[in-house]
Structures are given as C-alpha cells and as structure tokens.
Amino acid sequence: MEQHIRQALLAAAPDLFGAPIHESLIQFQQTRRDMEGDLTLVVFPFVKILRCSPQEAGAKLKHWIETHIESVSHCNVVSGFLNIVFTNTYWLEQLNQMQDQPNYGFAPADSKPTVMVEYASPNTNKPLHLGHLRNIFLGASVAEILRAVGHKVVRTQVINDRGIHICKSMLAWEKFSPVNARGERETPANTGLKGDKLVGKYYVEFDRALQIEAKAIMAQWQSGNFSDTPTAIEEAVLNFEKAKEGKDDKAVAALDDKIKELAKNQTQILQEAKQMLVKWEARDPQVYLLWTTMNGWVYAGFDQTYAQMGVSFDKLYYESDTFLLGKDQVMEGIKSDVFYQKPDGSVWIDLTAEGLDEKLVLRSDGTAVYMTQDIGTAIDRFKDFPDLHGMVYTVGNEQDYHFKVLFLILQKLGYAWANNCFHLSYGMVDLPSGKMKSREGTVVDADDLMAEVIEKAKEMTQERGHLEGLDNTAREQLFTQIGLGGLKYYLLKVDPKKRMLFNPEESIDLTGNTGPFLQYAHARISTLLEKAAYSITPLSLTTPMRPEEKEIIKQLAQFGATLEEAAKGYSPALLANYSYELVKLYNTFYQSVKIVIEPDAAVRQFRLALSAKVRQVLAQALGLLGVEAPQRM
RNA sequence: GGUCCCGUAGCUCAGUUGGAUAGAGCAACUGCCUUCUAAGCAGUAGGUCUUUGGUUCGAAUCCAAACGGGAUCACCA
C-alpha cells in the first residue's frame with residue numbers, strides 16, 4: 001500500500017507540485033497509536049516545493065489522496081503530518097489474502113543463495129555454560145530466520161578439540177582419577193557422570209594442582225630462593241618486584257599477576273601438559289588414544305545437551321582437522337605481496353594503512369596461529385560447498401578485532417566472497433553477582449540451568465495450568481516447552497550486540513514480556529478455535545470492524561517486513577518484539593469482545609479468522625526463535 | 001595509551017531511512033473472572049534519554065568532545 005501511494009504520487013508529481021519530485025521526499029511512518037490513521041505521510045518535505053505553509057500543503061495532499069487512491073477512506077492533517085485512513089474493505093481484503101497463504105510472510109524456499117551459519121563452537125575440555133546458550137540460541141535462530149527469507153542454510157560448528165586445554169584435562173585424569181576395584185579409572189559409564197562433566201571436572205583438578213604448585217614456587221621466590229629457577233626467569237621476577245615500588249594498588253596487582261604467570265610456567269604439571277601436546281602433535285599412539293576416548297565422552301555429553309536445547313547442525317568441522325590449514329594460503333600470499341616475511345621466518349600482514357596493527361599470520365617456526373587456521377578454514381568451506389555465497393560467524397564480541405582482520409585478509413587475498421562474511425557479534429551475559437568466571441565458580445552450567453527452568457515451569461503449570469486430559473508424557477513435554485521457551489525468549493529478546501544481564505529469577509517468569517506469555521496466547525487461541533470448530537472461509541468485505549481488530553490486521557501485515565529486517569540485521573530480537581506487540585494487541589481484543597459466543601455469524605467468522613491468523617503468525621515467529629508453541633497450557 | 005562497543009524510568013529492556021506528547025515489562029498501588037484459559041485486561045505513579053557543544057524547520061537517533069562501564073591490542077585459542 002505504501003508503495004502504491006508512493007508510485008501514484010511520483011506519477012502525479014508534475015500536476016500536483018508543478019515538477020517531478022525525488023522519491024526521498026515521500027516519507028511514510030507508522031501513525032501514532034493515539035491518532036486516527038493507518039499510515040502517516042510527513043508533509044514537511046513538500047512545503048519547500050509547494051512554497052506554502054504546512055497546513056496548505058497538507059490540505060492539498062489530503063484532497064489529492066482522498067480523490068485518487070481508492071482504498072483510502074479519508075485523511076486528516078495534524079501539525080505537518082497527514083494521517084491516512086484506509087477503508088475497512090481494504091483491511092478485510094488484506095486479511096482474506098493472508099488466509100490463503102499458509103506460509104504467510106515466508107519467502108519461497110531456496111530462492112536466495114546458500115549461507116553458512118556457524119554457532120556453538122565449544123572447547124572439549126569443559127561443559128557448556130550460559131554464554132554458550134546465548135550463542136547457540138542466537139545462531140540457531142538466525143539460521144532459521146535466513147531460511148525463512150529464502151536462503152539455503154548450512155548450520156555448522158567448529159569443535160575446538162585440540163590444544164593445551166585438552167591436554168590439561170587428559171593429564172589430570174591420568175594423574176588424579178581414582179582407580180576402582182576392577183582397576184578402571186573414572187569413566188562416564190562407571191560414574192554415571194555426563195562425559196563433558198567428567199572431563200570438565202578434571203580440567204578443574206588440573207587448575208587446582210597448578211595453583212598449589214605455583215604458590216609454592218612463589219613462596220620460594222619470596223624467600224629469595226631461586227635455585228630451581230632459570231636465571232632469565234629469576235631476573236624477570238626481580239625486575240617485576242622492583243617495579244612494584246611506589247606504584248598504586250592496581251599496578252602492583254598487575255605486576256603480581258605477571259609474576260604468577262611466570263610461576264605457573266615453572267610448574268612441573270604445566271610442563272607435563274606441554275609435553276603431552278608435543279606428543280599429541282607427533283601422533284603418539286597412547287596420547288592419541290586417550291585424546292580420542294576423552295573427546296568421545298565429551299561429544300556424547302554435548303549431543304545430549306544439544307538435543308535438550310533443540311538445536312542441530314548440518315556439518316561439523318574439527319579443529320584437529322583444520323589447524324594445519326591456511327599455511328599454503330599464507331605462502332601464496334607472500335608471493336602476491338599481501339603478506340611479508342621477517343628475517344626470523346615469521347609471516348605478517350601490515351594493516352596500518354587500514355588503521356589496524358601489524359598482525360602475525362605464521363610463526364617463525366612455521367606453525368599456524370589462530371588466524372592462519374581461520375583463513376584456511378574459510379577457504380576450505382567454500383571448496384566444500386561450491387554454491388556457498390556467504391558465512392555468518394556467531395562469536396562473542398571479544399573477537400571483534402580478530403574477525404575484522406580475518407575478513408580484511410580474505411579480501412586482500414582476492415576472495416570476492418569475503419564481503420559476504422559477517423561476524424554475528426554478541427555481548428557477554430552478566431549475572432547479578434557480576435561477570436561469570438570459571439575460576440571463581442560463578443559459571444552457570446547449561447544443563448543445570450535448563451533443568452532448573454523446566455522444574456520451575458512444572459511447578460507453575462501444575463499450579464495454574466489446564467492439564468486435565470494430558471497424560472504424563474504430554475505433561476513433561478509441556479513443562480519442557482514452557483521452561484525452555486521462557487529461557488530462549490529471555491536470551492533472544494535483547495539486541496544481540498548488547499551486553500545483557502541474566503537474572504535467574506526473571507528468566508523463568510511467566511508474566512509480561514516473556515516466552516510463556518506468548519505461548520499462553522497461542523494455547524488460548526488454539527482451544528478457542530477448537531471449541532468453535534473453526535475452518536477458513538472467505539470473509540464478507542462488509543463486516544463491521546472495531547479499532548482493536550484493525551490494529552491486529554495492521555500488525556499482521558507487518559510480519560513479512562519485520563522478518564526481512566530481522567534477517568538483514570541478524571536480529572531475532574526484532575521478531576521477539578514483534579510477537580510481543582502482536583500478542584498485546586490480540587489480548588486487548590480478546591478481553592473486549594466475544595468470539596466463539598458472538599451471535600452475529602459474519603462477525604464471529606471474522607473474529608475467528610483474525611484469531612487463527614494471529615495464532616499462525618505467532619507460531620511461525622516463535623518457531624524462528626526456537627520456541628515451541630503449545631496447543632494448551 | 002590506541003582501536004571498537006555500550007550509556008533511555010528504581011530494575012530489565014524497546015525505540016532501524018532524524019519527525020508529533022520518549023514506550024513496554026518487572027517492582028508499587030486501584031479496579032475487572034456467575035461469558036470463549038485471569039500465565040490475562042483496564043488504570044495510577046515513575047524520565048535532565050550520562051553531560052556539553054554542533055548540524056537543522058525538527059535530535060534519544062547524525063557529528064565532536066568529556067565522563068562512566070566493557071572488550072581488545074600475544075610467535076594463546
């Protein structure tokens with residue numbers, strides 16, 4: 001409709017304004033809720049052309065639109081704003097058209113190019129936590145949204161399955177795991193622990209042992225005993241100690257941290273872990289077997305968590321396969337002068353012209369760094385999926401700089417698709433007690449949290465839900481839907497790039513702007529339609545319409561545009577807010593009129609049709625957020 | 001210190017091509033179930049949009065600076 005009026009105005013411009021006008025002068029906006037009108041045209045831009053007051057310009061436009069646009073009932077001008085009111089017939093036609101589209105708002109499948117969406121990307125040394133939940137819900141939702149606007153989507157994750165952190169867990173397990181009567185160390189099978197939890201436990205064990213050892217070394221240093229310490233380290237420690245004199249508390253703490261780092265590096269246990277990594281890289285059979293076994297435990301645990309979360313992947317990449325990639329590209333890049341080599345053999349890229357720093361892309365010993373690997377992996381993915389058009393990396397905003405550099409490098413290497421790569425950067429999740437820190441044990445475990453919200457949903461639903469006639473399986477399923485729906489909605493309704501506060505108590509709230517609020521509306525409409533034995537019929541275009549009803553049709557009409565915006569901005573939050581608005585409008589309507597028990601048949605059918613469409617759009621929107629829409633609750 | 005992100009009601013957040021009197025939810029208070037699910041609805045109260053300057057008919061929104069919070073600046077990943 002907006003487009004229609006715009007075109008008509010452009011075509012009529014010579015008559016109306018005496019000259020053609022530029023499209024940008026025609027500015028539409030939503031009419032304020034407290035004004036009469038369905039669409040508002042800003043009059044001010046026309047004032048200069050017409051050389052008259054805003055009142056006169058408004059009157060002229062009002063007259064022209066009222067006489068030339070058929071769907072317009074009437075207009076009114078208020079202080080430079082032309083509020084246009086469409087006819088009821090127009091809105092009923094809109095609703096009729098929506099009724100005919102079961103996938104209303106969605107674009108045809110595979111009408112847009114293939115996009116790869118990466119999310120989750122965990123380390124295999126510890127369980128998933130709250131931060132992963134935001135990442136995974138966000139990535140999974142964006143993947144669904146991109147699919148809904150027509151993209152073919154490949155969902156993927158990179159599993160960070162190698163490196164010193166894994167060796168720490170492995171070593172601690174070998175050193176500290178108790179041996180049972182049958183001579184076995186702890187396994188998921190003989191302890192009943194989830195694999196990722198068991199491995200995570202030994203990662204913590206490692207850190208504990210490391211801290212004890214490091215403290216002992218620092219105590220020695222304090223007492224002036226450097227007999228076990230290389231002279232270079234001894235000098236460094238003494239220098240830091242000297243630098244502390246006369247500094248404020250903050251600077252002293254920073255120096256103490258540096259000394260502690262040195263002490264940790266001197267510990268026996270860290271040396272052993274490093275040796276283990278060397279052995280792993282040399283494919284030592286024993287170390288490799290241990291690595292395979294323990295990672296296997298972790299994957300089994302992760303699979304369980306992903307299943308509970310309701311997310312999945314189309315293609316997995318393992319860092320142990322990809323960490324050597326990218327070296328060839330770097331060598332190629334030296335030839336084409338994208339990179340340069342320093343005398344020690346290390347390879348760099350100079351990005352100072354772009355306002356960034358110099359960045360290392362290959363170590364002097366020829367081994368790959370994180371960046372090397374990401375360059376290689378990106379190129380590899382475009383080989384794996386020849387029709388791939390772009391990629392979305394769901395990674396926390398602490399990596400903003402890394403991805404800026406990565407995309408720039410890919411561009412300089414001459415890959416046109418580098419422009420279609422996007423870092424879906426999201427803010428950290430804080431707790432009321434502050435930042436999550438694994439060292440301080442303030443990490444919120446993903447499994448525990450999900451179990452907790454489901455349990456809470458169970459209590460609340462048993463208290464006030466409508467469960468009669470549901471068997472136990474159906475009930476458990478409903479509690480899960482409500483608990484996880486609430487959690488997902490809570491994490492997704494906030495603009496991804498903003499740092500957010502996670503309040504465990506609010507995440508399982510049921511009232512206000514929450515998942516269960518939306519789910520409740522869906523369930524309520526479902527039973528309503530069931531009671532009315534509703535089926536779709538074309539609506540009479542003369543059905544009387546209340547303002548609340550028109551507001552709902554207007555909001556429904558915005559669905560497609562909102563979905564497009566959400567896809568363009570990679571923001572599920574837009575859909576969350578849209579759904580919330582829709583439900584609020586619907587609830588107002590629901591409380592003010594009769595629906596099933598409405599005596600007038602045409603009005604009844606119209607209200608049912610409206611309800612049915614709200615339910616369907618709501619289910620679609622919630623689905624894109626990964627939130628399930630129960631039939632009753 | 002350089003670079004990037006953020007700052008809106010007591011709290012959590014909306015506010016997307018600059019536009020009318022800046023909106024929700026939570027918390028507080030008042031009403032509404034003998035009519036379809038009250039996990040709901042209607043209402044009261046709560047604001048220097050961090051500050052200052054600039055751009056313009058018009059700024060929460062754009063620009064600059066300051067202040068506050070965070071991230072990042074490794075031959076770690």
Side-chain angles (χ1 to χ4, degrees), chain A residues 24 27-29 31-35 40 42-45 47-48 54 78-81 83 123 160 162-165 319 323 342 344-348 355-357 359-371 373-374 396-402 404 425 427-428 430 432 435 460-461 463-466 482 486 490 493-495 497-503 505-506 509-521 523-532 565 568-569 571 573-574 576-577 580-581 583-584 587-598 607 611 632-633:
Chain A
S24 65
Q27 294 170 13
F28 287 108
Q29 56 183 284
T31 307
R32 287 176 57 99
R33 285 251 191 266
D34 49 348
M35 298 282 187
T40 293
V42 185
V43 174
F44 212 92
V47 168
K48 276 179 199 156
V78 184
S79 59
F81 296 90
N83 298 323
N123 291 347
N160 191 351
R162 52 144 242 125
I164 188 77
H165 50 285
E319 204 189 278
F323 83 108
K342 284 191 178 173
D344 65 1
S346 60
V347 182
W348 298 73
L356 306 175
D357 304 315
K359 190 85 188 172
L360 177 91
V361 291
L362 205 61
R363 289 196 193 100
S364 52
D365 62 5
T367 56
V369 290
Y370 186 37
M371 188 60 75
Q373 176 189 326
D374 270 3
N397 63 9
E398 66 272 16
Q399 307 267 4
D400 283 355
Y401 185 73
H402 172 79
K404 210 180 206 174
S425 165
M428 201 168 285
D430 285 326
K435 207 169 150 179
M460 304 298 263
T461 305
E463 212 172 278
R464 63 180 95 188
H466 305 77
I482 296 172
Y490 186 88
K493 74 177 177 188
V494 181
D495 181 353
K497 68 171 187 283
K498 285 193 177 169
R499 198 184 172 93
M500 70 176 289
L501 184 83
F502 181 84
N503 188 333
E505 273 152 38
E506 284 173 14
D509 265 359
L510 310 170
T511 59
N513 189 0
T514 63
F517 171 83
L518 304 182
Q519 291 175 314
Y520 181 76
R524 194 159 64 172
I525 299 172
S526 296
T527 51
L528 193 78
L529 295 175
E530 206 178 305
K531 274 191 182 151
E565 283 292 307
K568 220 172 79 188
S571 176
L574 295 180
N577 289 321
Y580 179 57
E581 282 304 318
V583 166
K584 277 206 300 186
N587 284 347
T588 299
F589 156 77
Y590 177 89
Q591 301 274 353
S592 61
V593 300
K594 296 168 180 173
I595 302 172
V596 179
I597 50 179
E598 164 63 39
R607 289 180 183 161
S611 303
R632 52 189 297 184
M633 65 187 272

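Lettering of chains follows the sequences in order, A, B, ..., and the numbering in each one begins at 1. All values derive from a computational prediction rather than experimental measurement.
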Item to check | Interatomic distance at P, B:C11 relative to B:G54, whole Å | outcome: 31 Å
Next on the checklist: Whether the side chain of A:Tyr490 engages the backbone of A:Asn503 through a donor-acceptor N/O pair (distance < 3.5 Å, no angle test) should be reported.
Outcome noted: yes
Please write out each protein N/O paired with an N/O of nucleotides 4-12 of chain B under 3.5 Å, distance rounded to 0.1 Å.
unit_1, atom_1, unit_2, atom_2, d
B:G7, OP1, A:Lys498, NZ, 3.3

Next on the checklist: Using atom C1' in both nucleotides, what's the gap between B:G18 and B:A59 to the nearest angstrom?
Outcome noted: 6 Å
Checklist entry - Given B:U37, B:G19, B:A77, which nucleotide is nearest the side-chain atoms of A:Phe44? => result B:G19
Item to check | Closest to the A:Tyr370 side chain, choosing from B:A77, B:U16, B:U37 | outcome: B:A77
Checklist entry - Do A:Ser425 and A:Asp400 have side-chain atoms, one donor and one acceptor, less than 3.5 Å apart? => result yes
Next on the checklist: Among B:G70, B:U37, B:G15, which nucleotide has an atom closest to any side-chain atom of A:Arg499?
Outcome noted: B:G70
Checklist outcome for this item: Rounded to whole Å, the CG-P distance (A:Asn83 to B:U21) equals 13 Å
Item to check | A:Phe44-A:Phe81 aromatic ring centre distance below 6.0 Å | outcome: no
Checklist entry - What's the closest nucleotide to the A:Leu510 side chain, out of B:A39, B:U35, B:U37? => result B:A39
Checklist entry - What are the two closest non-hydrogen atoms of A:Ala573 and A:Asp495, and how far apart are they? => result CB-N, 3.9 Å
Checklist entry - Between the side-chain atoms of A:Tyr520 and the base atoms of B:U37, is any donor-acceptor pair under 3.5 Å? => result yes
Checklist entry - Expressed in angstrom and rounded to an integer, what is the separation of A:Asn577 atom CG from B:G25 atom C1'? => result 11 Å
Checklist entry - Under 3.5 Å, is there a donor-acceptor pair between the side chain of A:Arg607 and the main chain of A:Lys594? => result yes
Checklist entry - Would you say the side-chain atoms of A:Asp365 pair up with the backbone N or O of A:Thr367, donor to acceptor, closer than 3.5 Å? => result yes
Checklist entry - Looking across every strand, which nucleic acid part, if any, lies under 4.0 Å from A:Leu574 by heavy atom: base, sugar-phosphate, or nothing? => result base
Checklist entry - Expressed in whole Å, how much space separates the P atoms belonging to B:G25 and B:A45? => result 15 Å
Checklist entry - Would you say B:C76 has OP1 or OP2 under 4.0 Å from some side-chain N or O of A:Arg363? => result yes
Item to check | Residue mapping more 5' on RNA chain B - nearest nucleotide basis, A:Ile164 or A:Lys584 | outcome: A:Lys584
Checklist entry - Just the dot-bracket of RNA chain B, please: which string comes out with Watson-Crick or G-U pairs under 3.5 Å, [ ] for crossing, | for another strand? => result (((((((..((((.....[...)))).(((((.......))))).....(((((..]....))))))))))))....
Next on the checklist: Using the P atom as the point on both nucleotides, what is the distance between B:A24 and B:G46, in whole Å?
Outcome noted: 14 Å
Checklist outcome for this item: Closest to the side chain of A:Lys531, out of B:A39, B:C36, B:G23, is B:C36
Next on the checklist: What is the separation between atom CZ on A:Phe502 and atom P on B:C26, rounded to the nearest whole Å?
Outcome noted: 18 Å
Next on the checklist: Tell me the interatomic distance from A:Asp357, atom CG, to B:G2, atom C1', rounded to whole angstroms.
Outcome noted: 8 Å
Item to check | Side chain of A:Met35 (C-beta onward), nearest among B:A24, B:A20, B:A39 | outcome: B:A20
Next on the checklist: Say we look at B:A14 and B:A9: how far apart would their P atoms be, to the nearest angstrom?
Outcome noted: 13 Å
Item to check | Residue whose nearest RNA chain B nucleotide is more 5′ - A:Gln373 or A:Asp509 | outcome: A:Asp509
Next on the checklist: Classify A:Phe323 by what it touches in the nucleic acid, base, sugar-phosphate, or nothing, heavy-atom distance under 4.0 Å.
Outcome noted: nothing
Next on the checklist: I want to check one thing: is the phosphate of B:G23, taken as OP1 and OP2, less than 4.0 Å away from some side-chain N or O of A:Arg33?
Outcome noted: no
Item to check | Pairwise C1' distance, B:U34 and B:U30 [rounded to whole Å] | outcome: 24 Å
Checklist entry - B:U17 and B:G58: how far apart are their C1' atoms, nearest whole angstrom? => result 16 Å
Next on the checklist: Quiz question: going by heavy-atom distance under 3.5 Å, is there a donor-acceptor pair between the base of B:A77 and the side chain of A:Asp374?
Outcome noted: no
Checklist entry - Taking NZ, NE, NH1 and NH2 as the nitrogens, is one of them in A:Lys342 or A:Asp344 under 4.0 Å from a carboxylate oxygen of the other? => result no
Next on the checklist: Between the base of B:A20 and the side chain of A:Thr40, is there a donor and acceptor pair under 3.5 angstrom?
Outcome noted: yes
Checklist entry - B:G58 P sits how many Å from A:Gln27 CD, rounded? => result 15 Å
Checklist outcome for this item: From CD of A:Gln399 across to C1' of B:C73 the rounded distance in Å is 13 Å
Next on the checklist: What's the separation between atom CZ in A:Arg632 and atom NE2 in A:His466, rounded to the nearest 0.5 Å?
Outcome noted: 9.0 Å
Checklist entry - For the residue pair A:Tyr370 and A:His402, does the interplanar ring angle fall in the parallel (under 30°), tilted (30 to 60°) or perpendicular (over 60°) class? => result parallel
Item to check | Residues forming a side-chain contact (heavy atoms from CB on, under 4.5 Å) with A:Lys493, sequence neighbours excluded | outcome: A:Tyr489, A:Asn513, A:Ala576
Checklist entry - Taking the same atom, C1', in B:C49 and in B:G7, what whole-Å distance lies between them? => result 10 Å
Checklist entry - Roughly how many Å is it from CZ in A:Arg607 to P in B:C36, rounded to a whole number? => result 16 Å
Checklist entry - Do we see A:Phe81 stacking on the base of B:A20, given a limit of 5.5 Å between centres and 30° between planes? => result yes
Next on the checklist: Checking contacts here: which listed nucleotide (B:U37, B:A77, B:G19) is nearest the side-chain heavy atoms of A:Arg162?
Outcome noted: B:A77
Next on the checklist: Please confirm whether the shortest side-chain N or O distance from A:Thr511 to OP1 or OP2 of B:C26 is below 4.0 Å.
Outcome noted: yes
Next on the checklist: Whether A:Thr588 contacts B:A42 is assessed here as follows: a side-chain N or O lying under 4.0 Å from the phosphate OP1 or OP2. Is that the case?
Outcome noted: yes
Next on the checklist: For A:Ala368, is there any backbone N or O sitting under 3.5 Å from a side-chain donor or acceptor partner on A:Arg363?
Outcome noted: yes
Item to check | Atom pair CG/OH of A:Leu356 and A:Tyr401 - distance to nearest 0.5 Å | outcome: 4.5 Å
Next on the checklist: Any side-chain N or O of A:Tyr401 below 4.0 angstrom from OP1/OP2 of B:G2?
Outcome noted: no
Checklist entry - Should A:Met371 and A:Leu360 count as side-chain neighbours, where that means a heavy-atom distance under 4.5 Å? => result no
Item to check | Per A:Arg524 side chain, nearest of listed nucleotides B:A39, B:A20, B:U37 | outcome: B:U37
Checklist entry - A:Ile595 has an atom CD1; how far is it from atom C1' of B:C41, in whole Å? => result 13 Å
Item to check | Nucleotide of B:U37, B:G19, B:A71 approaching A:Glu398 most closely (side-chain heavy atoms) | outcome: B:A71
